2 protein chains.
Amino acid sequence: MTTSDQPATLRERKKLRTRQALADTAVTLFGERGFDSTPLDALLEQVEVSRRTFFRNFRSKEDVALTAVKQLWDVYLEVLDGTKKSGPLIDVFLDAMLTTLERMDEDWYRRFPLTLRLIADSPALDGYTLRHCAEVQAEIARRLDGQNRLELRLLIEFFVATWRCALDEWLPDCVPGELPALLRRSCSSMNSALSLSFPA
Amino acid sequence: MTTSDQPATLRERKKLRTRQALADTAVTLFGERGFDSTPLDALLEQVEVSRRTFFRNFRSKEDVALTAVKQLWDVYLEVLDGTKKSGPLIDVFLDAMLTTLERMDEDWYRRFPLTLRLIADSPALDGYTLRHCAEVQAEIARRLDGQNRLELRLLIEFFVATWRCALDEWLPDCVPGELPALLRRSCSSMNSALSLSFPA
DNA sequence: AGAGCAAATGCCACACTGTGGCACTTCGTG
DNA sequence: CACGAAGTGCCACAGTGTGGCATTTGCTCT
């Protein structure tokens, strides 16, 4: 479960509520009408906030649509920080993601698949997501900063790529319980992928 | 050297010239004033074409800035098609890229580093590039479509990621002759990256 | 409880990207 | 030389994102 620390002040709670309302309405509204073909104004009208307010809460139209993705990686970085990093790094990365998936709540498992479908349908959104992944990867590298930077960088790239492959296989059905197994399977295929020969 | 097949008709040559002028001026102009902070109008004014004409030649402002990147991958796909695909697939991918690098002409080696710096300075451009890479990867997968799709997909992801890592190391100096060696080194680090342990 | 303060919001205007319609020029072709 | 087609320019418009400024709303201190 995600730690939902409620802010004390009423003002902050109110702001958080509009943030959630925007993110929540975004995935459903964009899901119904398409991300590219839905004007931002449609979202603003439905949530009843002004453009000014929206852009104080989110950087862009893409940003609000990808809230679920960002939440995942935020939790992932937290989990990674609280992990004793020993043994094969790939296992560290994998275990951290499995733990992260356990921590996400039910509502997230409702919004995340919707978000993935938005991404699959919109190249612009996909590019934005990939860029976000790149930032997360840089952040991971920064926190683990060791000697062999090239190999570390490569491993991080490989892991995130493997994660995205697992998501692609998960996408059609999006049964929450199946995702960990798919991720494990992808990770266990990494080595044999490298030694793949042609023809098969 | 890139195959510069000149179109017979005068009209097509003219159109091609404006295309090249736009792409060429774009990298230098954006390089001087920054991609995000340079209005498209500045480019149009310098090349003396209307917006209408520009958007018939390029999909977006990002598109014209990334011409060199697209050219690289276009050639890469050609080379890959003309390669006898046998043995370890990773070597096939690597060799194809080495061949591709040999085929690019001098002017490309002037524009490509400029483009990389643009990308490094602009998140939006970076996202667009990553998205383009994803499309290329899908295209590669389509052409090799074999049995074990997951592992093939993984390998392609890994290779392109490794290529991008090599580019990052190449970026500071951008000496054309050094790129192949950097790419070889990155590729030869792939296996050890997977078995990386912590602490180092 | 009331006054003052700071944060959040809404409204307005603007810059920039990208698209579609339409007229005009220019090139290719009979 | 004339006709058709491709290319181009001009114009207007939708949509995204930003900044200024007044107003409201919640917080805090007396």
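Given the structure is predicted, the values throughout are model-derived calculations rather than measurements. Lettering of chains follows the sequences in order, A, B, ..., and the numbering in each one begins at 1.
- Separating the CZ atom of A/Arg13 from the C1' atom of C/dA8 is a distance of 16 Å, rounded to the nearest angstrom.
- Under the rule for a side-chain hydrogen bond (donor to acceptor under 3.5 Å, both in side chains), the partners of B/Arg143 that lie at least two apart in sequence or sit in another chain are B/Asp81, B/Glu139.
- Sorted by first and then second residue, the side-chain hydrogen bond (donor to acceptor under 3.5 Å, both in side chains) pairs involving residues 114-130 of chain B (not counting sequence neighbours) are A/Arg131-B/Asp126, B/Asp36-B/Ser122, B/Ser60-B/Tyr128.
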Problem - Heavy-atom protein contacts under 4.0 Å, nucleotides 14-20 of chain D, coded B base, S sugar-phosphate only, - none - result: -SSBBBB
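- Between A/Trp73 and A/Trp163, the ring planes are perpendicular. Angles over 60° get that label, and only those under 30° would be called parallel.
- Following rounding to the nearest Å, B/Leu44 (CG) and C/dT19 (P) show an atom-to-atom distance of 14 Å.
- Applying the side-chain hydrogen bond (donor to acceptor under 3.5 Å, both in side chains) rule to B/Lys70 yields the partners B/Asp63; only residues at least two apart in sequence or on another chain are considered.
- With sequence neighbours excluded, no residue satisfies side-chain hydrogen bond (donor to acceptor under 3.5 Å, both in side chains) with A/Thr83.
- Every side-chain hydrogen bond (donor to acceptor under 3.5 Å, both in side chains) that B/Glu157 has, sequence neighbours left out, goes to A/Arg164, B/Gln137, B/Arg153.
- Through direct or indirect side-chain contacts shorter than 4.5 Å among Ile, Leu, Val, Met, Phe, Trp and Tyr, B/Leu130 is connected to A/Leu130.
- Counting only residues at least two apart or in different chains, side-chain hydrogen bond (donor to acceptor under 3.5 Å, both in side chains) contacts with residues 43-56 of chain B comprise B/Asp41-B/Arg51, B/Ser50-B/Thr53.
- Taking the six-membered ring where tryptophan is involved, the planes of A/Trp170 and A/Tyr109 are perpendicular, since the angle between them exceeds 60° and thus also 30°.
- Within the helix from C/dA1-D/dT30 to C/dG30-D/dC1, the inter-axis angle between the opening and closing five-pair segments is 20°, rounded to 10°.
- Rounded to a whole Å, the CZ atom of A/Arg56 is 8 Å from the P atom of C/dG10.
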Exercise answer: donor-acceptor pairs, residues 21-35 of chain A side-chain atoms, under 3.5 Å, sequence neighbours excluded:
unit_1  : atom_1 : unit_2   : atom_2 : d
A/Asp24 : OD1    : A/Arg110 : NH2    : 3.1
A/Asp24 : OD2    : A/Arg110 : NH2    : 3.4
A/Thr25 : OG1    : A/Ala21  : O      : 2.6
A/Thr28 : OG1    : A/Thr25  : O      : 2.9

Set out, line by line, the N/O atom pairs under 3.5 Å between protein and nucleotides 23-27 of chain C.
unit_1 : atom_1 : unit_2  : atom_2 : d
C/dC27 : OP1    : B/Lys14 : NZ     : 2.9
C/dC27 : O2     : B/Arg11 : NH2    : 2.5

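- In this structure, the NZ atom of A/Lys15 is 13 Å from the C1' atom of C/dA6, given to the nearest Å.
- Considering only side-chain N and O atoms, A/Thr53 lies under 4.0 angstrom from the phosphate OP1 or OP2 of C/dG10.
- Evaluation of the ring pair (Phe, Tyr, Trp, His ring centres under 6.0 Å) rule for B/Phe55 yields no partner, not counting sequence neighbours.
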